[in-house]
Each structure stands twice: as C-alpha cells, then as structure tokens.
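Here's the structure we're looking at; comments come further down.
Quick note: residue numbers are just sequence positions, from 1.
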Amino acid sequence: MSIRRLILFDIDGTLVQGGPAKGAFELAMVETFGTAGNTVGVSFAGKTDPQIARELLAGAGFDPAEIEAGFEALWGRYLGHLEERLVERPMEVLPGVPELLDALDPHEAEVGVGLLTGNIEGGARLKLGSARLWGRFRVGSYGSDHEERDALPAIALRRARDVWGRDVPPTEAVVIGDTPRDVVCGQKGGARTLAVATGSYAVDALEETGADRVLADLTDTDGVLDWLLG
C-alpha cells in the first residue's frame, strides 16, 4: 500500500489539552537537577521537551555537560510521574478531532496519518493513550528524535517511506498545529500548514505566520477533510 499525502498532527493544543504533564515534568526536574528553573518565564509553546529542559536549566546556571548527563534520568522520572498522574487526569480530546480522524480512515490507501510533536515519544504515547488516540497514527517524529523542531518533518517523511514504501514529497505533507513554531517548522520542511486556534494562540496571531489555512478549531469535518485531500 502506498500513499500520496502525509498528514502530521501536533499533540498538545491540537489533538488534546489539559492533563498533568507540566507538573510531572517540574517534579522530575527537581528530583534530577534540584530545580525546575524559571517555568513561569520560559514559554513551552511549540518547543521540544529537550529544548524546554535545556533552556530552563541553562537559565538556572547549568552547563551543557551537566544537562546532558542528567537527561536520561530526567526523562525516566518524567514518564513515570506522567503515567501515574494521567490515571486521575487524562488528556481531554479537543472538539472535532475524533470526527476528523474517523473521516480520514476511509482514505488510508492514499493518505497517511502521523504525528509531529515536541513531546518525547514516551510522553506522546502516554498522553494519547490516556485519550484513546494513540493507535490512530502510523508514524511519528518526536522531540526525542531531534531537539530542534524544524528537523522533525524530514524525520516523519523518512519514516513514512519505511512504512508505506514510497517517498512522499514534502509538498504532499501537511503539518497541523496550534502555535507559530508548528507553522514555521512545516514551512521550513516544505509542507503545507494548517494552524488551529485551540491552544494559546488566537486566529489573528496564527494568520500572521503565513500558514496556508487557519481555523478556530477542527469541528468542520467536511471542510477540513476537503482541504487536506485537495
């Protein structure tokens, strides 16, 4: 089976919202490094998990070698705390998401559905698993694959080739996200971009990025599907 198009979804603010991830991350940071850093002054939006941790720790005075040495323990602790806390506070699926994924299913012979997210892979699995969405995506590129989000589209395309047996040109990929960084990463990867104002950015702010399409949310299933397949 080969495909002609690859649809890549961001996770937080695009597919799901809420949940205990920030608290789990901060606790793991304190346990590993003795501090979570200035989590109020550093924006998490659109960044990879390793990038966020590195910025916080550099701001707290840690040098690159110290940060790198603690990462393995940090991510293990983070995933443990996240898994425990998701039992009581699962992620909330955003409006229109299940309907859109259902609508894409009949087109699986020509359209691949995957993830492009700053979450490390284990975090993505736990978050989407708590929302019963993890099994909907055949491929993914994650913050654990590369610290720079702009590198993730190429990784997703390579994995799509391995799964579906053909090269999908970047111009036949669509990156869907809720932050300007999501849009920029798609643009730099040569993909089309769809921005949704279901996170912390309003429609006006997302339109300023030059995204190919900007929507308030994903509830217009037929309209979104027509644009994705067109």
Side-chain angles (χ1 to χ4, degrees), residues 1-19 21 46 82 86 89-143 145 149 152-153 155-157 159-166 168 170 172-179 182-183 185-186 189 191-199 201 203 206 211-230:
M1 181 186 296
S2 62
I3 58 169
R4 67 177 181 87
R5 182 155 299 162
L6 180 64
I7 314 297
L8 297 167
F9 288 87
D10 172 56
I11 293 180
D12 297 288
T14 301
L15 294 171
V16 294
Q17 66 181 0
L82 181 62
L86 280 167
R89 290 180 59 199
M91 305 299 292
E92 303 169 22
V93 181
L94 284 160
V97 167
E99 293 82 0
L100 179 58
L101 294 176
D102 287 344
L104 285 166
D105 273 349
H107 301 276
E108 65 178 349
E110 59 173 344
V111 178
V113 179
L115 298 167
L116 191 158
T117 174
N119 283 276
I120 61 172
E121 184 174 0
R125 174 180 54 80
L126 289 171
K127 287 181 179 182
L128 292 181
S130 80
R132 300 187 178 184
L133 293 178
W134 176 245
R136 307 299 297 265
F137 307 94
R138 292 285 303 279
V139 296
S141 53
Y142 308 93
D145 293 320
R149 194 182 192 99
L152 297 184
I155 293 171
L157 288 168
R159 288 181 174 158
R161 179 189 60 208
D162 293 341
V163 169
W164 286 287
R166 76 175 291 262
V168 177
E172 289 298 328
V174 181
V175 172
I176 303 177
D178 66 292
T179 76
D182 299 328
V183 175
C185 124
R192 289 197 296 160
T193 53
L194 169 59
V196 288
T198 44
Y201 290 87
V203 167
L206 294 172
D212 294 295
R213 186 80 180 269
V214 179
L215 299 172
D217 55 40
L218 295 173
T219 56
D220 179 12
T221 303
D222 291 340
V224 176
L225 186 68
D226 287 346
W227 187 82
L228 291 174
L229 300 183

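No side-chain heavy atom of R125 sits less than 4.5 Å from a side-chain heavy atom of Y142. Taking the side chain as every heavy atom from C-beta outward, V224 and I176 never approach each other to under 4.5 Å. The closest side-chain heavy-atom distance from V174 to I7 is below 4.5 Å. Inter-residue side-chain proximity for W227 and L215 is flagged as unmet; no heavy-atom pair is nearer than 4.5 Å. Side-chain atoms of P153 and C185, non-hydrogen and from C-beta on, do get closer than 4.5 Å to each other. Looking at heavy atoms from C-beta onward, F9 lies out of side-chain contact with V97 at the 4.5 angstrom threshold. Within the 4.5 Å cutoff, the side chain of V93 has heavy atoms near those of the L133 side chain.
The two residues A131 and V16 have their closest heavy-atom pair at CB-CG1, 4.0 Å. Minimum interatomic distance between L104 and V113 (heavy atoms only, all atoms of both residues): CD1-CG2, 4.0 Å. Of all non-hydrogen atoms in A160 and L6, the two that sit nearest each other are CB-CD2, 3.8 Å. The two residues I155 and S141 have their closest heavy-atom pair at CG2-CB, 3.8 Å. A103 and P106 get closest at one heavy-atom pair: O-CD, 3.2 Å. Contact detail for V175 and A191: the closest heavy-atom pair is CG2-CB, 4.1 Å.
Judged by distance alone, the side chain of S130 and the main-chain N or O of M91 form a donor-acceptor pair under 3.5 Å. With hydrogens and angles ignored, the 3.5 Å screen pairs no side-chain donor or acceptor of T117 with any backbone N or O of D10. In terms of modelled atom types and a separation under 3.5 Å, the side chain of D226 and the main chain of G223 share no donor-acceptor contact. Listed for the R159 side chain is a donor-acceptor partner under 3.5 Å among the backbone atoms of G140. A donor-acceptor contact shorter than 3.5 Å is absent between the side chain of R89 and the backbone of A21. A distance-only check finds no donor-acceptor pair linking the side chain of R4 to the backbone of E172 [under 3.5 Å]. When atom types are taken as modelled, the side chain of R5 and the backbone of L228 share a donor-acceptor pair closer than 3.5 angstrom. Here the side chain of T193 pairs a donor or acceptor atom with the backbone of D212 at under 3.5 angstrom. T14 contributes a side-chain N or O that, together with a main-chain N or O of D178, makes up a donor-acceptor pair within less than 3.5 Å. Looking only at distances, no side-chain donor or acceptor of R161 sits under 3.5 Å from a matching main-chain atom of V168.
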>> One pair to check against side chain to side chain contact (heavy atoms under 4.5 Å, CB included): L8 and L152. What are the steps and the verdict?
In response: CA-CA 10 Å; L8 297 167; L152 297 184; over 6 Å; no
> What's the verdict on side chain to side chain contact (heavy atoms under 4.5 Å, CB included) for L15 and L115, showing C-alpha distance, side-chain angles and the deciding distance?
Replying inline: CA-CA 10 Å; L15 294 171; L115 298 167; 3.9 Å; yes
>> Using salt bridge (Lys or Arg N to Asp or Glu O under 4.0 Å), reason through D102 and R136 one step at a time and then give a plain yes or no.
In response: CA-CA 9 Å; D102 287 344; R136 307 299 297 265; 2.9 Å; yes
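Here the CH2-CD1 distance, from W134 to I11, works out to 7.0 Å after rounding to the nearest 0.5 Å. Interatomic distance, L218 CG to L94 CG, rounded to the nearest 0.5 Å: 8.0 Å. Distance check, rounded to the nearest 0.5 Å: OG1 of T221 to CG of L101 gives 9.5 Å. For the atom pair CG (L100) and CG (D222), the distance works out to 10.0 Å, reported to the nearest 0.5 Å. How far CG of N119 is from NZ of K127: 4.0 Å, rounded to the nearest 0.5 Å.
Heavy atoms from other residues, nucleotides or ligands lying under 6.0 Å from CZ of R166 number more than 12.
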